[in-house]
Structure formats: C-alpha cells, structure tokens
Amino acid sequence: QVQLVESGGGMVQAGGSLRLSCAATGRTFSSYAMGWFRQAPGKEREFAAVISGSGGSTYYAASVKGRFTISRDNAKNTVYLQMSSLKPEDTAVYYCAAKAGAGWSTGVRDYDYWGQGTQVTVSS
C-alpha cells in the first residue's frame, strides 16, 4: 500500500514558476514509476510527466515539454514537478500517481495509487 500527499500548489502569474512535491509512504518507493497528471475544470484528467523507478527515464506530454521537469529522490520517498514559464492553460488540479510493476505509462488507468491533488492557478 502506498499513500501519496502532494504539496506546493498555489496561485502564480503567467510566466512564473512553481515546484510541486509528492511524498510517498512505503518501503519500496523506488519500485514504482511515478507520474504527474492534471485535471482542469470540466476536462478529463490528463498525463503531464512520468519518471521511472530509478529516475533514469522521463517522458513528458507535448504541452509541458521544455517547461516542466520531473525528478525524484528515492532516499526521501519524494517526487517533484518543477514547473516554469507557466501559462493560464496550466491551471488545474495536479495529481501524483504511483504505478506498480515493470515499465511506465501515460495512461490514467495504469496507475495504482493516487494523491488527493493540489491546485495550481495561473493568472494572465
């Protein structure tokens, strides 16, 4: 069982930056691929970024590539999402998620554990 708690959300002006954190419980954090997803009002939850268990592989949605950076510290059981050059369209609730088993995925249904989400609001 893994519990995930996100933090670091808030309100920022367009062009600004935020860093989200996701702290995980459990002794096998490094065995999980970790993803960040987001959900804007009235829209489906969508993939943003994923990092492999070792941290050696990352993948980004086209909409955030070059602006967001995902990283993890397995000693601290924490995954991060550094967001820069934020745009109003980045406004959403951001969720971290953990995927058990081999490989990583961009699919919402492939993840086994989810955090409660943290709100990010970007004003123009």
Side-chain angles (χ1 to χ4, degrees):
Q1 189 79 359
V2 176
Q3 292 185 327
L4 304 172
V5 179
E6 301 98 334
S7 61
M11 183 176 292
V12 64
Q13 289 189 332
S17 299
L18 281 175
R19 188 175 84 154
L20 306 183
S21 298
C22 173
T25 61
R27 294 175 293 176
T28 58
F29 179 68
S30 62
S31 68
Y32 293 89
M34 297 297 297
W36 283 98
F37 293 78
R38 63 186 186 181
Q39 188 167 17
K43 295 188 177 181
E44 293 187 352
R45 193 169 300 187
E46 66 175 14
F47 166 78
V50 62
I51 188 166
S52 62
S54 68
S57 297
T58 59
Y59 184 77
Y60 299 91
S63 58
V64 307
K65 191 173 184 180
R67 300 188 298 120
F68 291 11
T69 301
I70 188 171
S71 61
R72 66 190 297 160
D73 185 338
N74 285 342
K76 295 182 178 180
N77 279 17
T78 302
V79 62
Y80 305 97
L81 187 68
Q82 178 68 47
M83 306 185 295
S84 302
S85 302
L86 283 161
K87 305 175 182 180
E89 51 264 44
D90 294 317
T91 295
V93 177
Y94 282 71
Y95 299 89
C96 71
K99 178 187 177 297
W104 50 265
S105 171
T106 63
V108 171
R109 296 184 179 183
D110 293 329
Y111 285 77
D112 303 283
Y113 303 100
W114 292 84
Q116 83 289 348
T118 186
Q119 177 71 47
V120 171
T121 303
V122 184
S123 61
S124 58

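For this chain, numbers begin at 1 and follow the sequence in order.
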S.K.: Considering residues at least two apart in sequence or located in another chain, which fulfil the side-chain hydrogen bond (donor to acceptor under 3.5 Å, both in side chains) criterion with Gln119?
M.R.: Thr121
S.K.: Under the side chain to side chain contact (heavy atoms under 4.5 Å, CB included) rule, what do Val108 and Trp114 come out as? Steps first, then yes or no, please.
M.R.: CA-CA 10 Å; Val108 171; Trp114 292 84; 3.7 Å; yes
S.K.: So, Asp110 side chain and Ser105 main chain: donor-acceptor pair closer than 3.5 Å or not?
M.R.: no
S.K.: Measure the spacing between CD of Gln3 and CG of Asn77 and express it to the nearest 0.5 Å.
M.R.: 12.5 Å
S.K.: Judged by atom type as modelled, is there a donor-acceptor pair below 3.5 Å linking the side chain of Arg72 to the main-chain atoms of Gly55?
M.R.: no
S.K.: Do side-chain atoms of Thr69 reach the backbone of Gln82 as a donor and acceptor pair under 3.5 angstrom?
M.R.: no
S.K.: Using distance only, find each side-chain donor-acceptor pair of residues 15-24 under 3.5 Å and give its atom names and separation, not counting sequence neighbours.
M.R.:
none

S.K.: Quick one: CG on Leu81 to OH on Tyr95, what's the gap to the nearest 0.5 Å?
M.R.: 15.0 Å
S.K.: Who are the side chain to side chain contact (heavy atoms under 4.5 Å, CB included) partners of Thr58, not counting sequence neighbours?
M.R.: Ile51, Tyr60, Ile70
S.K.: Count I, L, V, M, F, W, Y as connected when their side-chain heavy atoms are under 4.5 Å apart, and connections chain through other members. Are Phe37 and Val2 then in the same cluster?
M.R.: no
S.K.: In a table with atom names and distances, give each donor-acceptor pair under 3.5 Å that connects a side chain of residues 38-45 to protein atoms at least two apart or in another chain.
M.R.:
from: Arg38; atom 1: NE; to: Glu46; atom 2: OE2; distance (Å): 2.7
from: Arg38; atom 1: NH1; to: Asp90; atom 2: OD1; distance (Å): 2.8
from: Arg38; atom 1: NH1; to: Tyr94; atom 2: OH; distance (Å): 3.0
from: Arg38; atom 1: NH2; to: Glu46; atom 2: OE2; distance (Å): 3.3
from: Arg38; atom 1: NH2; to: Ser63; atom 2: OG; distance (Å): 3.4
from: Gln39; atom 1: OE1; to: Arg45; atom 2: NE; distance (Å): 3.3
from: Gln39; atom 1: OE1; to: Arg45; atom 2: NH2; distance (Å): 3.4
from: Gln39; atom 1: NE2; to: Lys43; atom 2: O; distance (Å): 3.1

S.K.: Go through Val79 and Trp36 one step at a time and tell me if the side chain to side chain contact (heavy atoms under 4.5 Å, CB included) criterion holds.
M.R.: CA-CA 9 Å; Val79 62; Trp36 283 98; 3.9 Å; yes
S.K.: Can you list the steps and then say if Phe29 with Lys76 is a side chain to side chain contact (heavy atoms under 4.5 Å, CB included)?
M.R.: CA-CA 9 Å; Phe29 179 68; Lys76 295 182 178 180; over 6 Å; no
S.K.: To the nearest 0.5 Å, tell me how far Ser71 OG sits from Met34 CE.
M.R.: 11.5 Å
S.K.: May I ask whether Trp104 and Phe47 are part of the same hydrophobic cluster, defined by side-chain heavy atoms of I, L, V, M, F, W, Y residues being less than 4.5 angstrom apart, directly or through others?
M.R.: yes
S.K.: I'd like to know if the side chain of Asn74 pairs up with that of Ser30 as donor and acceptor (distance under 3.5 Å, no hydrogens or angles considered).
M.R.: no
S.K.: Counting N and O atoms only, with roles assigned by atom type, does the side chain of Tyr111 sit under 3.5 Å from a partner on the main chain of Cys96, one being a donor and the other an acceptor?
M.R.: no
S.K.: On a heavy-atom basis, which atom in Gly103 and which in Ala33 lie closest, and how many Å separate them?
M.R.: O-CB, 3.7 Å
S.K.: Quick check against the 3.5 Å criterion: does Lys99 have a side-chain atom that pairs as donor or acceptor with the backbone of Ala102?
M.R.: yes
S.K.: For residues 49-85, pull every pair meeting disulfide (SG to SG under 2.5 Å), keeping only residues two or more places apart or in separate chains.
M.R.: none
S.K.: Transitive ILVMFWY cluster of Tyr80 at side-chain heavy atoms under 4.5 Å: who else is in it?
M.R.: none
S.K.: Would a distance-only check, ignoring hydrogens and angles, find a side-chain to backbone donor-acceptor pair under 3.5 Å from Gln116 to Val5?
M.R.: no
S.K.: For Tyr59, does the OH atom sit with more than 12 other heavy atoms under 6.0 Å from it, leaving out its own atoms?
M.R.: no
S.K.: Which heavy-atom pair separates Arg67 from Leu86 by the least distance, and what is that distance?
M.R.: NH1-CA, 3.9 Å
